[in-house]
**Student:** 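Sharing a structure below in C-alpha cells format, with a few things to ask.
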Amino acid sequence: MQKRILVVRTDRVGDVVMITPMIRELRRTFPGAFIATLTNPNSADVLLNNPHLDDILIDEPGKKSFMNVVSDLRNRRFTDGLLLMPTKRAAYQMFLSGIRNRIGVGRKPYEVITFMKSVSRNKYIPLRYEADYCMDLARAIGVVSDDLTPEIFVTDDERVRGMELLKNSGSILKRKRIIIHTGSGRSSPNWSEDKYLELVESLLKQTSDSEIILTAREMSEEYIERSKQAGGERVVDARKPVKRLRDMIQIIANADFLIAASTGPLHIASALGRRTVGLYCHNKVNCTKLWGALGRNSVNLEVSKEYCDANCSADKEVCSFENGIGVEEVIREIMRD
C-alpha cells in the first residue's frame, strides 16, 4: 500500500518555511509516497514548485467550508497526518477525513478527543530550532535526519519576473541590491524606523555600488521620504508591484542581501540562499536558538544576555530591544566577504 502523507501547518509564513526541511526528508525516506501539505492561501506560496510535494491543499476559514476541506482530504486517502501547529479546526478535519495515523504536538483536549498521537516538545528543554521540533513528527514515522536546511524553489522565469518587478520599482539592477525589511507583523521584537534609517544612511555612506530596497508594507511615508532624501535613486520603494507573497519571493530571489528582524521575509531569504542578517531578542520565545534563520548564508545577531538582564523587565514583558544590537554590528556583517 502506498504511503500517503499529509503535512499540516496553517499559520504564518516563517512557520511554513520551517517545515520545508522535513518535507525534503520525508521524500528522501519515502521516495514512492504521495506527500501533500495543508496550509493557508498566503503561506502556500512558500511551497510552490517544491519538487518534494505532490499536492498543496488550502484551507481558508470563512471562504472554504470546514467540510469542503474534509472532503478534499478524504478523497486523497491519506495514511499519515502530521499536525505541526495544533489547531482545533485542523485536528477535527484530519479526524473526520479518516486519516488513521495522526500525530500532533502536545496534548490539547481536541487531540485527546480525536485519539491523536503526540510528540512532546518537553517544555522546550533543551531548547532546539523550530525546524528540528517539526522534524520530530517526521521522525515519528521513520525519518532519520538532522538536516535542517530550509529551501524555497524559484524557476528561471520567476527570477526574470522578479527582476522586472524590481526594475518597475526603479531599481538600476546593476548595483548590489540590499533589502531592508522593517516590518515584523508584531511577531517579534524589532528596531524602530529611526534605527533602520541610521542603517540606511550608514550603508549609503559606506558603499558606493549598492542600492537599498525597501519592502515592508508597514513602512510610514515619513520613513520612506527620509530614506529617499538620504539616498536619492539609490533607495527603491518596492512595495507597489507586490500583490501576493510569491511576488515578494521573486524579488528576494534577486537580492544580494536582506536585513530584518525574525519575520517571514528573513526566513524566505534564508531558504533562497541569500545572504541575511537577522535581528533577534534574547527572550527564549524569540531567540536564535529557536527561530534563527538556518540558510547556509545566514547570520543571526542576538541581544546579549547581559544587556537583556540589565535593560528588560524581569518577566521579559517589557523589551528594550532597540539598542541591544548596534547598526555597526549589522554593517560589519554586510561588509564581510
Side-chain angles (χ1 to χ4, degrees), residues 12-15 17-18 127 129-131 150 177-204 206-207 210 212-220 223-224 226-227 235 238 248 251-252 255-313 316-336:
R12 304 177 73 159
V13 170
D15 304 288
V17 173
M18 292 292 175
L127 189 63
Y129 287 110
E130 174 66 18
R177 293 177 287 280
I178 301 174
I179 293 178
I180 297 180
H181 189 87
T182 60
S184 69
R186 298 187 178 181
S187 62
S188 63
N190 201 358
W191 277 354
S192 67
E193 287 190 339
D194 285 341
K195 191 70 174 280
Y196 276 113
L197 183 63
E198 287 182 43
L199 177 62
V200 169
E201 292 171 340
S202 183
L203 277 171
L204 290 168
Q206 296 191 46
T207 63
S210 65
I212 309 300
I213 300 170
L214 308 177
T215 53
R217 290 198 175 279
E218 304 98 317
M219 291 186 297
S220 70
Y223 170 74
I224 296 168
R226 291 173 69 190
S227 296
V235 175
M248 174 72 82
I251 286 174
I252 293 174
D256 295 289
F257 226 115
L258 184 143
I259 301 99
S262 177
T263 189
L266 177 71
H267 293 292
I268 287 170
S270 171
L272 287 167
R274 302 295 87 196
R275 293 183 67 190
T276 68
V277 175
L279 311 176
Y280 285 83
C281 174
H282 181 71
N283 192 343
K284 181 178 178 179
V285 299
N286 299 115
C287 70
T288 58
K289 189 59 180 176
L290 180 61
W291 287 109
L294 293 169
R296 61 185 180 275
N297 294 316
S298 295
V299 173
N300 300 309
L301 300 179
E302 182 178 298
V303 172
S304 70
K305 181 180 186 301
E306 293 73 21
Y307 178 90
C308 184
D309 289 344
N311 294 279
C312 303
S313 64
K316 308 306 178 189
E317 291 298 316
V318 178
C319 178
S320 297
F321 181 78
E322 175 80 350
N323 295 313
I325 300 172
V327 166
E328 66 282 356
E329 293 178 72
V330 177
I331 295 290
R332 191 179 306 123
E333 294 301 333
I334 296 173
M335 303 299 288
R336 195 187 302 275

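What you are looking at is a predicted structure, and each value in this text was computed from that prediction instead of being measured.
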**Student:** When you compare the side chain of Ile251 with that of Ile179, does any pair of heavy atoms fall below 4.5 Å?
**Tutor:** yes

**Student:** Between the side chain of Asp256 and the main-chain N/O of Ile178, is any donor-acceptor distance below 3.5 Å?
**Tutor:** no

**Student:** Grab the two heavy atoms, one from Met335 and one from Gln206, that are nearest each other, plus how far apart they are.
**Tutor:** CE-O, 3.8 Å

**Student:** Between Lys195 and Glu198, does any side-chain N to carboxylate O distance fall below 4.0 Å?
**Tutor:** no

**Student:** Pairs under 3.5 angstrom only: tabulate donor-acceptor contacts from the side chains of residues 285-294 to other protein residues two or more places apart or in another chain.
**Tutor:**
from	atom 1	to	atom 2	distance (Å)
Thr288	OG1	Glu302	OE1	2.8
Trp291	NE1	Val285	O	3.3

**Student:** What are the two closest heavy atoms between Val303 and Cys308, and how far apart are they?
**Tutor:** CG1-N, 4.2 Å

**Student:** Picking from Pro189, Ser262, Cys312, what satisfies side-chain contact (heavy atoms from CB on, under 4.5 Å) with Cys281?
**Tutor:** Pro189

**Student:** Find the distance between CE (Met248) and CZ (Arg217) and round it off to the nearest 0.5 Å.
**Tutor:** 7.0 Å

**Student:** Say you draw a straight line from CG of Asn297 to CG of Leu272; how long is it, rounded to the nearest 0.5 Å?
**Tutor:** 11.0 Å

**Student:** One pair to check against salt bridge (charged side-chain N to carboxylate O under 4.0 Å, His left out): Arg336 and Glu333. What are the steps and the verdict?
**Tutor:** CA-CA 5 Å; Arg336 195 187 302 275; Glu333 294 301 333; 2.9 Å; yes

**Student:** Flag the pair Ser320 / Tyr307 as yes when at least one side-chain heavy-atom distance between them is below 4.5 Å, and no otherwise.
**Tutor:** yes

**Student:** Give a yes-or-no answer on whether the side chains of Tyr196 and Asn190 include a donor-acceptor pair shorter than 3.5 Å.
**Tutor:** yes

**Student:** With Trp191, which of Thr182, Ile180, Ile325 fulfils side-chain contact (heavy atoms from CB on, under 4.5 Å)?
**Tutor:** Ile325

**Student:** Report yes if the side chains of Leu258 and Arg274 come closer than 4.5 Å at any heavy-atom pair, otherwise no.
**Tutor:** no

**Student:** Taking atom CG of Leu199 and atom CD of Glu328, what is their separation to the nearest 0.5 Å?
**Tutor:** 10.5 Å

**Student:** The criterion is side chain to side chain donor-acceptor pair (under 3.5 Å); which residues satisfy it with Tyr280, sequence neighbours excluded?
**Tutor:** none

**Student:** Which atom pair, heavy atoms only, marks the closest approach of Thr263 to Gly183?
**Tutor:** CG2-O, 3.6 Å

**Student:** Quick one: side chain to side chain donor-acceptor pair (under 3.5 Å) partners of Glu130, sequence neighbours excluded?
**Tutor:** Arg9, Arg121

**Student:** Considering non-hydrogen atoms only, spot the tightest contact between Ala238 and Ile213 and give its length.
**Tutor:** CB-CG2, 3.7 Å

**Student:** State which residue, out of Val235, Ile212, Val327, fulfils the side-chain contact (heavy atoms from CB on, under 4.5 Å) condition with Leu203.
**Tutor:** Ile212

**Student:** Short question: side chain of Glu322, backbone of Ser192 - any donor-acceptor pair under 3.5 Å?
**Tutor:** yes

**Student:** Please confirm whether the backbone N or O of Leu301 pairs with a side-chain atom of Glu329, one donor and one acceptor, at under 3.5 Å?
**Tutor:** no

**Student:** Supply the atom-to-atom distance Leu266 CG to Ser184 OG, rounded to the nearest 0.5 angstrom.
**Tutor:** 11.5 Å

**Student:** Donor-acceptor check, side chain of Ser270 to backbone of Ser298, threshold 3.5 angstrom: yes or no?
**Tutor:** no

**Student:** Indicate yes or no: at least one non-hydrogen side-chain atom of Asp15 is less than 4.5 angstrom from one of His267.
**Tutor:** no

**Student:** For a quick test of reading the model, state the closest non-hydrogen atom pair linking Glu193 to Ser220 and the distance between them.
**Tutor:** OE1-OG, 2.6 Å

